[in-house]
2 protein chains.
Amino acid sequence: MRLSTKGRYAVTAMLDLAIHHEEGAITLADISEAQGISLSYLEQLFARLRKNGLVAGIRGPGGGYRLSRPPAEISIADVIVAIGEGVDVTLCGGKTDCQDGERCLTHELWQQLGSRIHEFLESVTLASFLERKNVNLVVRRQQRRQLVSIPRLQKTVA
Amino acid sequence: MRLSTKGRYAVTAMLDLAIHHEEGAITLADISEAQGISLSYLEQLFARLRKNGLVAGIRGPGGGYRLSRPPAEISIADVIVAIGEGVDVTLCGGKTDCQDGERCLTHELWQQLGSRIHEFLESVTLASFLERKNVNLVVRRQQRRQLVSIPRLQKTVA
DNA sequence: AGAATAACCAAGTAATTTAGTCAGGAAATA
DNA sequence: TATTTCCTGACTAAATTACTTGGTTATTCT
Ligand code: FES
Ligand code: FES
């Protein structure tokens with residue numbers, strides 16, 4: 001029962017974009033530096049975010065990435081799902097066929113768990129999460145373009 | 001966001017034990033055959049279940065494993081936690097120190113998610129789950145010692 | 001036009017984790 | 001004492017995750 005750092009990176013990066021949503025595009029190079037993630041790795045993440053319509057890339061000087069929807073309309077679930085870190089915990093992947101083509105004994109259990117997880121992550125939007133953390137936000141707003149950061153990967157936690 | 005097959009095996013095996021709770025001990029060899037898991041692998045799982053006081057091993061001929069508490073007092077969360085498949089989704093593991101010793105921006109998000117997951121899994125006990133599936137149970141009770149099975153591992157789902 | 005900038009893309013490699021095996025005890029019963 | 005069954009640790013194989021390398025294309029600035 002673990003969440004990959006990929007998911008964590010994506011969410012943090014999206015929060016960065018949300019914080020600076022009014023200021024135009026932000027380059028991956030900036031995020032890369034702030035978070036200590038390699039540029040190429042970020043590019044891979046953003047490729048998926050873009051393909052799922054969460055962000056828009058703007059090329060050339062002055063370009064970068066920006067949210068393609070307002071922060072209030074992007075949930076954490078959207079982000080997690082977009083980067084391929086599914087929320088489905090069943091073995092069968094929703095096909096109810098993992099036991100010789102039949103639904104296994106525990107299918108419903110995992111399906112319900114998956115639903116709960118999705119419900120929760122869907123209930124939190126980029127905007128609502130930042131709202132709750134607004135003390136920090138004020139500080140950050142005073143220093144424009146200050147990006148949040150998460151630590152260099154130590155270990156993916158169980 | 002995935003659950004390992006280890007967790008799934010453990011839960012299914014525990015349900016087996018719960019179903020035959022009144023009939024005395026069940027050997028790992030039986031479960032091994034029913035589920036198509038190697039005996040040694042099962043032994044590893046049960047070692048942890050035993051260390052966490054969920055099952056009791058009985059050696060010698062006629063021995064096997066049995067639940068050390070009634071099925072109504074063992075939750076799915078107990079099982080998942082016992083085999084080391086934690087429910088904690090934070091990077092820091094609850095220490096709030098993953099960003100240079102400080103709590104990172106997203107800590108609360110993952111912590112809350114972890115709590116929700118745990119809450120849900122705690123709310124389902126072996127007994128309550130089997131209760132819901134009691135149609136199948138009746139059938140199984142008629143054929144004593146019929147073990148449930150889950151399929152051979154195909155792929156760990158994302 | 002040309003150079004700088006930054007998104008875009010496709011493969012490959014390295015590290016970690018998971019899943020599973022092997023070989024050998026040690027306790028209880030018959 | 002022979003058998004059954006639990007119990008233990010170390011070891012291997014497979015899969016996944018994290019990350020690197022080396023490019024191409026679009027846009028803007030000079
Ligand atoms: S998990 Fe869906 S059928 Fe087994
Ligand atoms: S996840 Fe706990 S401090 Fe970052």
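Lettering of chains follows the sequences in order, A, B, ..., and the numbering in each one begins at 1.
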Exercise. OP1 or OP2 of D:dT20 sitting under 4.0 Å from any side-chain N/O of A:Ser38?
Worked result: yes
Problem set entry | For B:Glu122, all residues meeting side-chain hydrogen bond (donor to acceptor under 3.5 Å, both in side chains), sequence neighbours excluded | B:His118
Problem set entry | Spacing between B:Leu49 atom CG and D:dC7 atom C1', to the nearest angstrom | 14 Å
Problem set entry | Interatomic distance where CD belongs to A:Glu33 and P belongs to C:dA6 [whole Å] | 12 Å
Exercise. Shared ILVMFWY cluster between B:Val124 and A:Phe120, side chains joined below 4.5 angstrom?
Worked result: yes
Seminar exercise, completed: From CG of B:Asp30 across to C1' of D:dT4 the rounded distance in Å is 12 Å
Seminar exercise, completed: Counting primed atoms, P, OP1 and OP2 as sugar-phosphate and everything else as base, the B/S/- map of nucleotides 22-30 of chain C against protein heavy atoms under 4.0 Å is B---BSBB-
For this session: Give the cluster check for B:Ile83 versus B:Leu39: same hydrophobic cluster or not, with ILVMFWY residues linked at side-chain heavy-atom distances below 4.5 Å.
Result: yes
For this session: Kindly assign one of parallel, tilted or perpendicular to the pair A:Phe46 and A:Tyr65, based on the angle between their ring planes and the thresholds 30° and 60°.
Result: tilted
Problem set entry | Spacing between A:Ile37 atom CD1 and D:dT17 atom C1', to the nearest angstrom | 14 Å
Exercise. With sugar-phosphate meaning primed atoms plus P, OP1 and OP2, does B:Phe46 contact a base, only sugar-phosphate, or nothing at under 4.0 Å between heavy atoms?
Worked result: nothing
Problem set entry | Side-chain N,O (A:Arg48) to OP1/OP2 (C:dC9) below 4.0 Å | no
For this session: Without swapping roles, check the side chain of A:Thr90 against the backbone of A:Gly93 for a donor-acceptor pair under 3.5 Å.
Result: yes
Exercise. Closer than 4.0 Å, any side-chain N/O of B:Arg50 to the OP1 or OP2 of D:dT8?
Worked result: yes
For this session: Please state how far atom CG in A:Leu42 lies from atom P in D:dA18, giving the value in whole angstrom units.
Result: 13 Å
Exercise. Between B:Leu39 (CG) and D:dT5 (P), how many Å, whole number?
Worked result: 10 Å
Exercise. Of A:Ala47 and A:Gly63, whose closest DNA chain C nucleotide lies nearer the 5' terminus?
Worked result: A:Gly63
For this session: Starting at atom CG of B:Leu45, determine the distance to atom C1' of C:dT18, rounded to an integer number of angstrom.
Result: 12 Å
Exercise. Does any donor atom in the side chain of B:Glu85 or B:Ser4 lie under 3.5 Å from an acceptor atom in the other side chain?
Worked result: yes
Exercise. Would you say a side-chain N or O of A:Thr5 is under 4.0 Å from OP1 or OP2 of D:dA18?
Worked result: yes
For this session: Please determine if a side-chain N or O atom of B:Tyr9 lies less than 4.0 Å away from the OP1 or OP2 oxygen of C:dG20.
Result: yes
Exercise. How many angstroms lie between atom CD of B:Gln35 and atom CG of B:Leu42, to the nearest 0.5 angstrom?
Worked result: 6.5 Å
For this session: Give the rounded distance in Å between these two atoms: CG of B:Leu54 and C1' of D:dC6.
Result: 17 Å
